[in-house]
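Could you have a look at this structure, given as structure tokens, before my questions?
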Amino acid sequence: MKKITDIYHTNNLDLIHSFQDACKNSDFKEYLDHLNIKEDILMKYTSTLEDSFKEYTNCKNCKNLENCKNTVQGFCYTPVLEKEMISFSYEQCQKQAKKEKEESYKKNLSLYELSEELKNATFKDIYKDDKNRLPIIKYFKEFMEQYKENLKPKGLYLNGSFGSGKTYLIASLFNEMAKRNVKSILIYYPEFLTMIKSSFQTNYKELLEEIKRIPLLLLDDIGAENVSNWSRDEILGPILQYRMENYLPTFFTSNLTIEELEKSLSITSSGVDKVKARRIIERIKQLTISLELISKNRRNHNSCETLKKS
Ligand code: ADP
Ligand code: MG
């Protein structure tokens, strides 16, 4: 019968052999050498060290983050010596750290019912092929200067054709402002209303407070919602009132002109109320200057997602 010490000895021999085998790969051996850990500790972890070596090699040959071959993109499985044991953890690579730093401004933007892609909208990517965009770009420059000087600039009521880039343009402004540490919320208004109306979202009062107070707000595609007394008088009205009183820049995009929006806001299933619609329009006029963007449709016609949410 084998004694316990023999079994221990045999297991140890196995460890030594597999370690020695692995070290025949000179690159692996070099990798271990640079870890600066004693051999008798290393040999207990041969196969895990081979895994981490693979990731280390991927990193050494890495051209860009998008093509990262590691298990967790942007992270490298790395051995760390703790007392007499090695533990392995996923360490962020330099490229990932740089990306996170560059993109940290994105936390200043919150999107509701809109594609996260809008966080990548930038001034430099705005199509310059269409002179209809020039007044908007000019307005953006003025807005940014006035905001910096604390001159309480007005927001924009941007109406125009479907797919012309209205949402993209405002998102690009909010991204630039986010880089200057100004927080914003972008809301796809029709679906947002449905979302807060749903019984699952009982906590919307808190969210409404945040929306009222956020430095920059976009109500995207206003006029495309099913107007009700509730949405007009309990949601939209109080948001606009608060923002007007506090000079908080508020942006709207719409397929409707302001006149058309007034009409749309006056009709609900409960009847016609021109006075209440007018009150909302007065607030929008106080809050914004109005520009129009008529341009070709840039949307990808195959994508329902894009159609609905951008
Ligand atoms: P709208 O809000 O006017 O209906 P969008 O802003 O959703 O139009 O733009 C339509 C599509 O074109 C989107 O997929 C958007 O990402 C893209 N797009 C619009 N303007 C630009 C731009 N200046 N640069 C790059 N992509 C754009
Ligand atoms: Mg849009």
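Note that the coordinates shown come from a computational prediction; the quantities given were computed from them, not determined experimentally. For ligands, and for the atoms within them, numbers begin at 1 and follow the listed sequence.
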Do the side chains of E145 and K141 get close enough for a salt bridge, i.e. N-O under 4.0 angstrom?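 A salt bridge is absent here (no side-chain N lies under 4.0 Å from a carboxylate O).
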Part of A171 with heavy atoms under 4.0 Å of ligand 1, whether side chain, backbone, both or neither: neither
Has Y168 got an N/O/S atom less than 2.8 Å from the Mg ion (ligand 2)? no
Contacting atoms of ligand 1, where contact means under 4.0 angstrom from a heavy atom of S161: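 Contacts of ligand 1 toward S161, numbered from 1: 3 (O).
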Atoms of ligand 1 less than 4.0 Å from T167 heavy atoms? 2 (O), 6 (O)
Any Q73 side-chain heavy atom under 4.5 Å of N70 side chain: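 Contact flag for Q73/N70 side chains = no.
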Apply the test side-chain hydrogen bond (donor to acceptor under 3.5 Å, both in side chains) to residues R243 and N246: give CA-CA distance (whole Å), side-chain angles for both, the deciding distance (0.1 Å), then the verdict. CA-CA 5 Å; R243 298 188 65 81; N246 292 281; over 6 Å; no
ILVMFWY cluster, I37 and Y56 together (side-chain gap under 4.5 Å):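 Yes; Y56 is reachable from I37 via cluster members.
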Which is closest to atom 16 (O) of ligand 1 in terms of heavy atoms, F123, Y188, Y168?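 Going through F123, Y188, Y168 one by one, Y168 has the nearest heavy atom to atom 16 (O) of ligand 1.
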Taking atom OH of Y45 and atom CG of L15, what is their separation to the nearest 0.5 Å? 10.5 Å
Quick check: Y189 with Y112 (ring centres under 6.0 Å apart)? no
More than 12 foreign heavy atoms under 6.0 Å from NZ of K98: is that the case here? no
Do any nitrogen or oxygen atoms of R133 lie less than 3.5 angstrom from nitrogen or oxygen atoms of ligand 1?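 No - when backbone and side-chain N and O of R133 are compared with those of ligand 1, no distance drops under 3.5 Å.
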Which of the ligand 1 atoms, numbered from 1, are nearer than 4.0 Å to a heavy atom of S164: 1 (P), 3 (O), 8 (O)
Any nitrogen or oxygen of G165, main chain or side chain, under 3.5 Å from a nitrogen or oxygen of ligand 1? yes
Close N or O approach (G163, ligand 1; < 3.5 Å):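 Looking only at distances, the answer is yes, because the N/O contact criterion of under 3.5 Å is met.
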